[in-house]
Protein chains: 2
Amino acid sequence: MKRISASFLPPIAFTDRTKTPMYRQLYDWFRQAILDGRMRPGQRVPSTRALAAELKISRIPVLGAYEQLLAEGYFETFVGAGTCVASSIPYDSPSAVAVKAKVRKGIHETAEKPGVQYIRPRRMSYRGAALARVLPQSWLDNLGAFRVSLPALDHFPIGVWSKLVAQHSRRPAKGIMAYGGPMGYMPFREAIAEYLGTVRGVRCEPSQILVTTGSQQALQLSAQVLLDPEDRVCIEEPGYTGARQAFLTAAAQLIPVRVDHDGMNVEQMVRRDGRGRAARAVYVTPSHQYPLGMTMSATRRMLLLNWAARSGAWIIEDDYDSEYRFGSYPIAALQGMDADARVIYIGTFSKVMFPALRLGYVVVPKDLVRAFAAARDTADGFSSTLYQAMMTDFIRDGHFARHIRRMRMLYMNRRRALVKAIDAQMGDMLEVIGAEAGMHLVALLPPGTNDVAISKHAARMGISAMPLSSCYLKPPVSSGLVLGYGGANEQQIRDGIRKLRMIVQSAPAVRNAV
Amino acid sequence: MKRISASFLPPIAFTDRTKTPMYRQLYDWFRQAILDGRMRPGQRVPSTRALAAELKISRIPVLGAYEQLLAEGYFETFVGAGTCVASSIPYDSPSAVAVKAKVRKGIHETAEKPGVQYIRPRRMSYRGAALARVLPQSWLDNLGAFRVSLPALDHFPIGVWSKLVAQHSRRPAKGIMAYGGPMGYMPFREAIAEYLGTVRGVRCEPSQILVTTGSQQALQLSAQVLLDPEDRVCIEEPGYTGARQAFLTAAAQLIPVRVDHDGMNVEQMVRRDGRGRAARAVYVTPSHQYPLGMTMSATRRMLLLNWAARSGAWIIEDDYDSEYRFGSYPIAALQGMDADARVIYIGTFSKVMFPALRLGYVVVPKDLVRAFAAARDTADGFSSTLYQAMMTDFIRDGHFARHIRRMRMLYMNRRRALVKAIDAQMGDMLEVIGAEAGMHLVALLPPGTNDVAISKHAARMGISAMPLSSCYLKPPVSSGLVLGYGGANEQQIRDGIRKLRMIVQSAPAVRNAV
């Protein structure tokens, strides 16, 4: 039944055919009438008795609504004078302000969303505006063959893992559910320190390890703690876009340094740095250059460390997938060679375990620990303690080492299958480069090929092939595809290459070159 | 057995009494000798045959070590000339650089860590240095009585939850383990939008909801997207330190605005803003002011919205614990009154569920969605998809609404117990203020009491009582304690107050005042 009041008030329409209680309908109606300017500051409202009578309802919901409106300051009462709309309410209601301003000023549309009309310009920060301009990467929208950084989820020991999950969530300790410390869960940090010391040659104490949600957060924290606006950061060209973005949010100036077969050209960087304003930091992936896949030579490692020690610059070492090396023994981290505590070492469990685990770490020189801890606290507090505790068990019980060994074999075979499929099907269009390591390889296209167009086309066919040119800050000098082989089995790899062949064949530059 | 080589090389010591394989010991030895400058660029090394003979070991590990040293660029070979330390290796090794520089320059000790010696100054960013100076808050080190924001973990429906965990982790979908989108898991965003619309009067579409790891991340993302260095942000005084820190990492200028019994003094803010450089944003907790606990009046809400619409400023509304209101009906969010899409609305599951869940959200005006998504992508990618999926089920199956109802009753009783205990035991020293809502209250101390000293003393006794003065940016005008009652049961509350009484009684200002 719909009831309408017919007094001097704008008509109150309310109904009992809804779950919303009557007091709430009345409250909402008065509140909206005031917000819209249909009821004015100081305007008298009927007594609860009169309104109840008029609407032919009990007085109880009317009392409830009035009480709430009084408590929130929409109404006021004076002894003898009854109840009014509070006289302090602005005469211009928010929507009146909106309408008036639109009429007076002409309507302001945003660049981001033409058609939506706002009163005033919608100013973001420079950083925000730059972020809004980041191009969509359609090749990351699907989880099909060749998705970079995707591990073999179907080979993850989910049985062991879910048993651990069940164990830990059945009767969680208070500390597991409450607020954790910004540096992370101590037993987990101890396990990481031990692992890194043994397997990666990293020299650190557990107190230097900050648990993050992944390598991206480690990059952003490093940027925040180390870089002021306009500070120069040397990055690899081509290189990892995630790192670039992190440094840009600190308003740093990016100095791209070319990569050759020995990794970042450190000699060139040092020469250039000597001429200009000194760089404050350098970002490198020495174990397995991202995306090209080479390993930084011993000479360049030592040159880099010497330069950092002499110039007082920081080295950010991203060791994102060094667990997997097929051709040779694993290569120790740069961090372990550092005699001057200049290296910030970043690693992640996203690729060895699974991305949605959201666990990574950064090994921080001792004198930076306080700043990093405070930066993490300010960024988002701490990482899920449950996952940290589970991961500690997973490492301590030997599952982690076993899983890495199994995956190393699997990825080696997948890499071979991919190289073989490329040789067989696309040998005339793609040239595989990079060390036998990690979970992706780069296949170069004939010069001048529009790899972005190929990647977009592939994405529409359910294939995720990242264009090499997207890894360049300056105009790209080569064209190619970054192909992940972690997440696709050998059949999917062969099928993927068959599809990719058709896509690449139809690209104009390839047609001419082949 | 320990074997030592006695050639022209520095002595090679290695042993078979360790798990480290022999090739690795040899590799490590040569590598370290080169890094330390004990072996020089161009220096000849014995042939694998000669070294094996000298050490009386098989040639296989020697071959393995040499191969690896060649691959990494420590060694080089020339036909006919045998194997040498690579001539490109810098003559100054990293540790030689360190030693020389220390001798030449005098030794540089850091301010942060006197005694540790580095070659060059350890320059952090201004932001990093400021973060390193953030004072430790010893009252947050324990989970004892009165810990602010800690929910009643022992009343959490852990049975239901762990069943959900088990369900979701037994056979997780690929999408649950792989990379997720920066805005979050769509079914979860839909559930949040519905919840906020019904319960909080928030008007939004799921596409406007960005899932975060908690309200702190929402604050930092807002700061990044909206604020340039030196931009002015009005904040509540006293107010939430986490918000202050987030704005400071964007190098914003904080303008504290006093809070009175109707919340932030918006009239004063608008007047002041008219005189100086206009504020770019304002941060408010209108439902339940943090920490004082009052509710912003209808008049001030409308004034604030009108001002934002006219000046083009953003309003950051932090609705951190609005689920819990005991005395009156819940108060609708400011966001729902906004006719000009100026409000960024922040909420969290840390308090309604449990902190280590690491899930919160921010409702973003449509034209800011792209920038926020890119900012999240750059900050740390995405939130744990498993938890998002579980939380979706928890909401959809009605557990969430039920849990909130139960907790509301529980917290109401705990609040009453706390107020009663204070009245009975500390009525002469503490004055409780704020609305009957949330999970904490403020108890004012006699003017001039050193509340930080009391909090530190309490922390040593296992009691977490936050000093009110720590919430002030400028010199504090009142002294008091912020007491959480969510995480302590009635017995613990009474015991806590008994202890607190002794602590407060011994504070000099209180002794004089009482």
Side-chain angles (χ1 to χ4, degrees), chain A residues 68 71-74 88-90 94-95 97-98 110 112-113 119-120 122 125 128 131-132 134 143 153 162 165-166 169-170 177-179 213 216-217 220 225 227-228 245 297-299 302-303 305-306 309 312 328-329 337 339-340 354-356 358 367 370-371 374-375 378-381 384-385, chain B residues 35 68 71-74 88-90 94-95 97-98 110 112-113 119-120 122 125 128 131-132 134 143 153 162 165-166 169-170 177-179 213 216-217 220 225 227-228 245 297-299 302-303 305-306 309 312 328-329 339-340 354-356 358 367 370-371 374-375 378-381 384-385:
Chain A
Q68 178 82 354
E72 295 187 18
Y74 289 97
S88 58
I89 292 278
S95 38
V97 169
T110 55
E112 289 84 8
K113 193 106 185 175
I119 303 172
R120 295 266 302 160
R122 313 277 291 174
S125 64
L131 285 165
V134 171
L143 296 173
L153 298 176
S162 61
V165 176
S169 31
R170 218 161 13 229
M177 294 180 77
Y179 290 93
T213 54
Q216 190 61 36
Q217 183 172 55
Q220 188 159 41
V225 170
L227 303 175
D228 282 313
Q245 285 303 326
S297 70
T299 301
M302 291 172 72
L303 283 174
L305 290 166
N306 289 354
S328 57
Y329 304 113
M337 303 164 64
D340 193 42
F354 55 95
R358 304 280 74 216
D367 59 332
R370 275 192 69 172
T378 302
D380 71 339
S384 161
T385 320
Chain B
L35 288 177
Q68 178 82 354
E72 295 187 19
Y74 289 96
S88 58
I89 293 277
S95 37
V97 169
T110 53
E112 289 84 8
K113 193 107 183 174
I119 304 173
R120 296 264 301 159
R122 313 277 292 174
S125 63
L131 284 164
V134 171
L143 295 173
L153 298 176
S162 62
V165 176
S169 33
R170 216 158 18 227
M177 294 180 77
Y179 290 93
T213 54
Q216 190 61 36
Q217 184 172 54
Q220 187 160 43
V225 170
L227 302 176
D228 283 313
Q245 284 304 326
S297 69
T299 299
M302 290 171 73
L303 282 174
L305 290 166
N306 289 354
S328 57
Y329 304 113
D340 192 42
F354 55 94
R358 304 279 75 213
D367 58 332
R370 276 192 67 171
T378 301
D380 72 338
S384 162
T385 320

Note to self: Between B:Met177, B:Gln217, B:Gln216, B:Met302, who has the most heavy-atom pairs with chain A when the cutoff is under 4.5 Å?
What the structure shows: B:Met177
Note to self: Looking only at heavy atoms and a cut-off of under 4.5 Å, which of B:Ile89, B:Asn306, B:Leu305 has the most pairs with chain A?
What the structure shows: B:Asn306
Margin query: If you compare all heavy atoms of A:Arg122 against all heavy atoms of B:Asp367, which two are closest, and at what distance to 0.1 Å?
Written below: NE-OD2, 2.7 Å
Note to self: For B:Leu35, which atoms come within 4.5 Å of any heavy atom of chain A: side chain, backbone, both, or neither?
What the structure shows: both
Next item on the list: Taking ring-ring contact (aromatic ring centres under 6.0 Å, His included) as the test, write out the residues that go with B:Tyr74, two or more places apart.
Entry: none
Notebook entry, point to check: Of all residues at least two apart in sequence or in a different chain, which pass the side-chain hydrogen bond (donor to acceptor under 3.5 Å, both in side chains) check with B:Gln245?
Noted result: none
Next item on the list: Find the one option among B:Ala71, B:Gly381, B:Ser297, B:Ser88 whose heavy-atom pairs under 4.5 Å with chain A are most numerous.
Entry: B:Ser88
Next item on the list: Could you tell me which portion of A:Ala178 (side chain, backbone, both or neither) has an atom closer than 4.5 angstrom to a non-hydrogen atom of chain B?
Entry: both
Note to self: Taking side chain as everything from C-beta outward and backbone as N, CA, C, O, which of these in A:Leu303 sits under 4.5 Å from a heavy atom of chain B? Side chain, backbone, both or neither.
What the structure shows: both
Margin query: For A:Gln220, which atoms come within 4.5 Å of any heavy atom of chain B: side chain, backbone, both, or neither?
Written below: side chain
Notebook entry, point to check: Just wondering, do A:Asp380 and A:Thr213 contact through their side chains at under 4.5 Å, heavy atoms?
Noted result: yes
Item checked: Residue part contacting chain A, namely of B:Ala166, when any heavy atom lies under 4.5 Å -> neither
Notebook entry, point to check: Among B:Pro355, B:Gly128, B:Pro90, B:Gly312, which residue forms the greatest number of heavy-atom pairs with chain A at distances under 4.5 Å?
Noted result: B:Pro355
Note to self: Shorter than 4.5 Å, heavy atoms on both sides: which option in A:Ala298, A:Ala374, A:Gly73, A:Ser169 has the most such pairs with chain B?
What the structure shows: A:Ala298
Notebook entry, point to check: With no hydrogens and no angle check, is any side-chain donor or acceptor of A:Arg370 less than 3.5 Å from a backbone partner on B:Val134?
Noted result: yes
